[in-house]
Amino acid sequence: MGSWQRRSHRAEDLLARAGVVDGLAGKYSAFSDAVLRERMSDFHEVFRRGGNAAKAQTLESLAAVREAARRCLGLNPYVEQIAGALALHDGCLAEMATGEGKTLTAGLAAVLAGWLGRPCHVLTVNDYLVERDAAGMKSLYQFCGLRVAPVTAALTPADRQKAYQADVVYVTSKELLADFLRDRLRLGELHNPERWMIRLVINPKRPPESALVLRGLHTAIVDEADSILIDEAVTPLIISTQRPNDALKQVVELASKLAARLQNEQDYTVDRRYGDVELTPTGMERVQLEGEVLPPFWRGQARREELIRQALVARELFHLGKQYVLEGDKVVIVDEFTGRTMANRSWREGLHQAIEAKEGIPLSDPTETLARMSFQRFFRLFPKLSGMTGTAWEAASEFWQVYHLPVVRIPTHRPCQRVQRPDRVFLSETEKWAAVAEEIKQIQLQGRPVLVGTRSVQNSEMLSHLLYASGLSHRVLNAKRFVDEAAILARAGEKGEVTIATNMAGRGTDIRLGQGVADLGGLHVIATERHESERVDRQLFGRAGRQGDPGSAQAFVCVEDELLLRNLPVPHRKAVRASLQANAPGAIMLSRSAWKQSQRTAQRRAFKQRVGVLRQDAWLDEALSFAGLR
């Protein structure tokens, strides 16, 4: 069924309907503003009533909204953008290339959804894009008789409640799910309809919904849907509260000191593929002997070994500049998919405190879970779900299986002119980073702008020091340096500009070419490592060659990259290294095959993790159904 839903004929049908809308342009461009507003009011009323009348008026109403966008925003939506808006209106996931105007496409569809009179949420990946898109599209919504509001982490509960009353709300997935869970906590047992009615009869002047922030869930339009619905779906969102536990803090610090004295391979082994640490028999003996310093409650074998294992995981698998950064005396998590910090988030089950102990900073109080929900389960609550992204086709079957979202590929408005250069392969990281620096120097001498993508804060800072030593001017954008993000990206397409960025620069913001840059060859994108998902690579490379502009992209990889270390068996890695050292025939083909195999392995493992989250949701539904907490 999913294959049938995303067949190529569906895109052709959308483009044909978009052509009809385009053909109505002359009719609506002849109307005065007053007449056009009157027609908007009529469409609003038709959509509010719903039914077949609203379906019959879809193309006419979209033509009117298109004309409103031209007058209010100075933008005339292309046929491809109209087709994307129709795909969103039909409940599909539209794959649209980077730079094809997804923000405007979402705005067109959100107007139609807002006219229904039910909650419409446009979800994106960070607060900056939430505020930017809401402000940028505000004049269009106002012309169409709708109210729009952004919801960000900085808003108070009262301001949030007011913002959620708008017809169209821009918000991140994390904020929306957190507000939903907090509302469930406020409701308590009143989620039961009978209890709700009894409370309403007892106190009619203060209905239960007056305490809620959200006004409900109906339509969700998800921007960067692969990031929100796939990548971030591995980890559920948890509402928790801190509970003082001095005994746990003390024992975590003791465990950290014990773990520091253990030797890798001798006392424990590290499985980087699955992110696990196992104690060897020798290690278990040492833990049993040295564990006598632990308080009595923690001296039992199972508790003692789990405590030490947690400290070893913090030491071996969580690294400063990759999974987290330090802000003062606080460990702040870095989202590995976006490269952004996640303030006020913490790891569970003592891991956060174990990392704090490793870094030698004051330990925070552990947290107690009040409510939890996976993003997969949450988004399936929406009666109408749609989305868009530049990279969805690789996960098309998963989008259908989990969310019943058919993926539709919308063609680009202009042919893509990006030149994809073959990967450059090196034996060591030292050789690779030296080659990256030299490549940046050569491209900059041509006057072309360069965007360099790194997987971690640590690597972006290291490359920055390397370029400074070579006398190359550049700008850095990562989880530690994000204050001037908009200004940095606004200049990233100018002549001779060099921008080093983690994944945070790969989402949501166009890099426009400066004057004369197109004649020089456009933006050049360098990936300093392959990611565990091909979709993330495509997102980064898609920064070059937007809207038919010239551009080029290339990846620099080495045998010591984390992708291979975690996902390629040791014999295969040795074979790749040996063939490259001997410069054997077919060495490059073998290395490319190794990276593809590593990515497939990583993607399969991530898929299994998401399936595990789904199964856990199903188990919770079944186990807690008697309690009314489903």
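Ring orientation note: the planes of His121 and Phe382 are nearly perpendicular, at an angle over 60° on the 30°/60° scale. Ring geometry, Phe379 versus Phe375: the interplanar angle falls under 30°, so the pair is classed parallel (tilted spans 30 to 60°).
Side chain of Asp179 to main chain of Leu214: no donor-acceptor pair is present (N/O by atom type, distance under 3.5 Å, no hydrogens or angles). Looking at Ser256, its side chain never comes within 3.5 Å of a backbone N or O of Val252 through a donor-acceptor pair. Between the side chain of Thr528 and the backbone N or O of Gly453 there is at least one donor-acceptor pair closer than 3.5 Å. Checking side-chain atoms of Glu560 against main-chain N and O of Glu429 turns up a donor-acceptor pair under 3.5 Å. Checking side-chain atoms of Ser464 against main-chain N and O of Ser460 turns up no donor-acceptor pair under 3.5 Å.
Between Ala501 and Leu451 the shortest heavy-atom distance is CB-CD1, 4.3 Å. In this structure, Arg538 and Gly390 approach most closely via the heavy-atom pair NH1-O, 3.8 Å. Val130 and Pro150 get closest at one heavy-atom pair: CG1-CB, 3.7 Å. Scanning all heavy atoms of the two residues, the minimum distance from Arg315 to Ala260 falls at NH2-CB, 3.6 Å. A pairwise comparison of heavy atoms in Tyr164 and Val171 identifies OH-CG2, 3.8 Å as the closest pair. Here the shortest heavy-atom pairing between Leu351 and Ala314 reads CD1-CB, 4.2 Å.
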Stepwise side chain to side chain contact (heavy atoms under 4.5 Å, CB included) test for Ile526 and Val450: CA-CA 7 Å; Ile526 296 175; Val450 185; 4.0 Å; yes
Checking side chain to side chain contact (heavy atoms under 4.5 Å, CB included) for the pair Gln323/Ile355: CA distance, chi angles, key distance, verdict? CA-CA 11 Å; Gln323 286 82 12; Ile355 293 172; over 6 Å; no
Run Leu262 and Ile308 through side chain to side chain contact (heavy atoms under 4.5 Å, CB included) and show every step you take. CA-CA 10 Å; Leu262 300 180; Ile308 300 300; 3.8 Å; yes
Which is it for Tyr170 and Glu131 under the side chain to side chain contact (heavy atoms under 4.5 Å, CB included) test, yes or no, and what are the steps along the way? CA-CA 8 Å; Tyr170 282 79; Glu131 293 183 321; over 6 Å; no
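When the side chain to side chain donor-acceptor pair (under 3.5 Å) test is applied to Asp267, the partners found at least two apart in sequence or on another chain are Arg286. Partners of Glu285 by side chain to side chain contact (heavy atoms under 4.5 Å, CB included), not counting sequence neighbours: none found. In this structure Glu306 satisfies the side chain to side chain donor-acceptor pair (under 3.5 Å) test together with Arg309, sequence neighbours excluded. With sequence neighbours excluded, the residues forming a side chain to side chain contact (heavy atoms under 4.5 Å, CB included) with Ser533 are Arg535, Val536, Gln603, listed by chain and number. Every side chain to side chain donor-acceptor pair (under 3.5 Å) that Gln599 has, sequence neighbours left out, goes to Asp537.
Residue Arg160 holds its CZ atom at 14.5 Å from CG of Leu212, rounded to the nearest 0.5 Å. Between atom CG of residue Leu467 and atom CG of residue Leu472 there is a gap of 5.5 Å, rounded to the nearest 0.5 Å. Considering CG of Leu466 and CG of Asn459, their distance stands at 11.5 Å, rounded to 0.5 Å. With values rounded to the nearest 0.5 angstrom, Thr454 atom OG1 is found 9.5 Å from Leu540 atom CG. The CZ atom of Arg573 sits 6.5 Å away from the CG atom of Leu568 when rounded to the nearest 0.5 Å. Annotation: the span from Leu312 atom CG to Leu307 atom CG amounts to 10.0 Å, rounded to 0.5 Å.
Between the side chains of Gln266 and Thr282, not a single donor N or O lies within less than 3.5 Å of an accepting N or O.
The only member of Lys330, Glu359, Glu356, His352 that meets side chain to side chain donor-acceptor pair (under 3.5 Å) when paired with Tyr324 is Glu359.
In this structure, the side chains of Leu580 and Val559 come closer than 4.5 Å at one or more pairs of heavy atoms. Side-chain contact between Val402 and Leu229: absent, with no pair of heavy atoms (C-beta onward) separated by less than 4.5 Å. Proximity of Gln597 to Pro569: side-chain heavy atoms (C-beta onward) are separated by under 4.5 Å at one or more points. Between His474 and Tyr468 the shortest side-chain heavy-atom distance falls below 4.5 Å. Here the side chains of Val331 and Leu326 are in contact, with some heavy-atom distance below 4.5 Å. Contact check for Thr98 versus Gln539: side-chain heavy atoms found under the 4.5 Å cut-off. By the 4.5 Å heavy-atom criterion applied to side chains, Glu278 and Asp271 are not counted as neighbours. The side-chain heavy atoms of Asp223 and Val125, taken from C-beta on, include no pair separated by under 4.5 Å.
Heavy atoms of other residues, nucleotides or ligands lying less than 6.0 angstrom from CZ of Arg615 number 12 at most.
Sequence neighbours left out, the pairs with a member in residues 301-322 that pass ring pair (Phe, Tyr, Trp, His ring centres under 6.0 Å) are Phe318-Trp347.
At a threshold of 4.0 Å, the pair Arg455-Asp561 does not count as salt-bridged, since none of the basic side-chain nitrogens sits closer than that to a carboxylate oxygen.
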